[in-house]
2 protein chains.
Amino acid sequence: MSEGVEWALHSCLNLAWSGDGRAVSAARLAAWHELPAAYLNKQLQALARAGIVSSTPGPRGGFRLARPLDSITLMDVVAAVEGPDEAFRCAEIRQQGPGGGEEPPAADCAIAHAMGRAELAWRRALAAQTLDEIRQQAERQAPEAPERLRAWLAAAR
Amino acid sequence: MSEGVEWALHSCLNLAWSGDGRAVSAARLAAWHELPAAYLNKQLQALARAGIVSSTPGPRGGFRLARPLDSITLMDVVAAVEGPDEAFRCAEIRQQGPGGGEEPPAADCAIAHAMGRAELAWRRALAAQTLDEIRQQAERQAPEAPERLRAWLAAAR
DNA sequence: GGAAGCATACTCGGATATACTATGTCCGAGTTGACGTGG
DNA sequence: CCACGTCAACTCGGACATAGTATATCCGAGTATGCTTCC
């Protein structure tokens, strides 16, 4: 799985903690965890295309959450960064060569069906978890995190 | 996900249909679906290392199932081909840069925890499905498939 | 006729190239804010 | 003092390199088979 998924998820939480008042630039979000700024920018663009964050150019510009955290699921972020297509894609090799009959088979490939069911379970688990729940859990573990981020953003003016 | 997973799964079913009497070479299994023989051989080696199939060299050699289909799950094959490590690996970026505190955090990353739970659901779904169940479903859809394979193997002596 | 020895062909197994995607970097278009200037 | 125009800096956005992995290929070690030869 792409490294950018982890970056995007942390960035969403950081955006939520930064306060809704002002946007945060990709460079600041990247510096907070020592990530490559230009590449994180790429991931944030993907989030913007998916409607998860909104971007504003120019000075004082940057990214901010486009909707509240409790309406963003893990699935939304994963789909935005990784793309919408399934991880296991059936190439229908059973139709190739001597193994494939003359006419296409009537039913779907049993293997693809089973793999699809498993992947559906994964997607359901991701869709059942909102970023707000994760934020609450993270704040229970480290209650000072939001304030530290806001202080650092204000100081690094 | 790797293309080889699909090839390995189909090959396992084909090995089950070929009959337990004699081994089938990687070249024959590949020709049945017009796959690159040498590369399929690589995937079968991975299955052999995992104890799913057994290999015998020399003439009349090849691969055969090492244990019955009902004791092989989708998870076994996926783990053998893809490797045992998780798809989402937490790099603990929260500990890097100004965002990371002085001492390591006490609890696990909430994001990694949630992603791990989703992946666990996927793995459970894969482990709950045996290849024998898939074989039964495939035979219901195409009852003539096993016999066609055996006839082709005998003809291509 | 039978058995031993040998050559042979066929198999896996791993070491070696190539292609593609994820990763990382760079520069341009656009916008906002500040500053200077004129009224 | 206020309003307007100009300028400059900062931002995203997409186009351009690079690296790492999945894909594909090739050749060597090993083994069972069949044949030849000798007893």
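These numbers come from a predicted model, not from an experiment. By convention in this document, chain letters (A, B, ...) are assigned in the order of the sequence lines, proteins followed by strands, and residues within each chain are numbered from 1.
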I want to confirm an ordering. Mapping B:Asn41 and A:Ala38 to their closest nucleotides on DNA chain C, which one lands closer to the 5' end?
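Upstream on the strand: B:Asn41.
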Starting at the 5' end of DNA chain C and moving along, which residue's nearest nucleotide shows up first, A:Met1 or B:Ala27?
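Nearest-nucleotide comparison on DNA chain C picks B:Ala27.
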Rounded to whole angstroms, how far apart are [atom1] on [X] and [atom2] on [N]?
X: A:Lys42; N: C:dC27; atom1: NZ; atom2: C1'; result: 14 Å
X: A:Gln43; N: C:dT23; atom1: CD; atom2: C1'; result: 9 Å
X: B:Gln45; N: D:dT23; atom1: CD; atom2: C1'; result: 15 Å
X: B:Arg89; N: C:dT23; atom1: CZ; atom2: P; result: 8 Å
X: B:Leu47; N: C:dG14; atom1: CG; atom2: P; result: 14 Å
X: A:Trp7; N: C:dA22; atom1: CH2; atom2: P; result: 14 Å
X: B:Tyr39; N: C:dT16; atom1: OH; atom2: C1'; result: 15 Å
X: A:Arg22; N: C:dG33; atom1: CZ; atom2: P; result: 12 Å

List the steps and the verdict of salt bridge (charged side-chain N to carboxylate O under 4.0 Å, His left out) for A:Asp76 and A:Arg67.
CA-CA 12 Å; A:Asp76 296 331; A:Arg67 53 184 204 251; 3.3 Å; yes
If only side-chain N and O atoms of [X] are considered, is one of them under 4.0 Å from the OP1 or OP2 phosphate oxygen of [N]?
X: A:Ser25; N: D:dC10; value: no
X: B:Arg49; N: C:dG14; value: yes
X: B:Thr56; N: C:dC12; value: no
X: A:Ser55; N: D:dT11; value: no

Using the side-chain heavy atoms of [X], tell me which of these nucleotides is nearest: [options].
X: A:Phe63; options: C:dG24, D:dC12, C:dT23; result: D:dC12
X: B:Pro57; options: D:dT33, D:dT11, D:dT31; result: D:dT31
X: B:Pro59; options: D:dT31, D:dC12, C:dG13; result: D:dT31

Taking the basic N atoms (NZ, or NE/NH1/NH2) and the acidic carboxylate oxygens, is any pair closer than 4.0 Å for A:Arg117 and A:Glu119?
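A salt bridge is absent here (no side-chain N lies under 4.0 Å from a carboxylate O).
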With a 4.0 Å cut-off on N to O distance, would you call B:Arg135 and B:Glu133 a salt bridge?
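Salt bridge: no.
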I need the single residue from A:Ser55, A:Ser11, A:Cys12, A:Ser25 that forms a side-chain contact (heavy atoms from CB on, under 4.5 Å) with A:Leu44. Which is it?
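By the side-chain contact (heavy atoms from CB on, under 4.5 Å) criterion, A:Leu44 pairs with just one of A:Ser55, A:Ser11, A:Cys12, A:Ser25: A:Ser11.
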Indicate the atoms forming the closest heavy-atom contact of A:Glu3 with B:Ala91, along with that distance.
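Of all heavy-atom pairs spanning A:Glu3 and B:Ala91, the closest is OE2-CB, 3.5 Å.
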Identify whether any heavy atom of A:Ala26 sits under 4.0 Å from a base atom; if not, whether one sits that close to sugar-phosphate; answer base, sugar-phosphate or nothing.
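Sugar-phosphate, backbone atoms only, no base.
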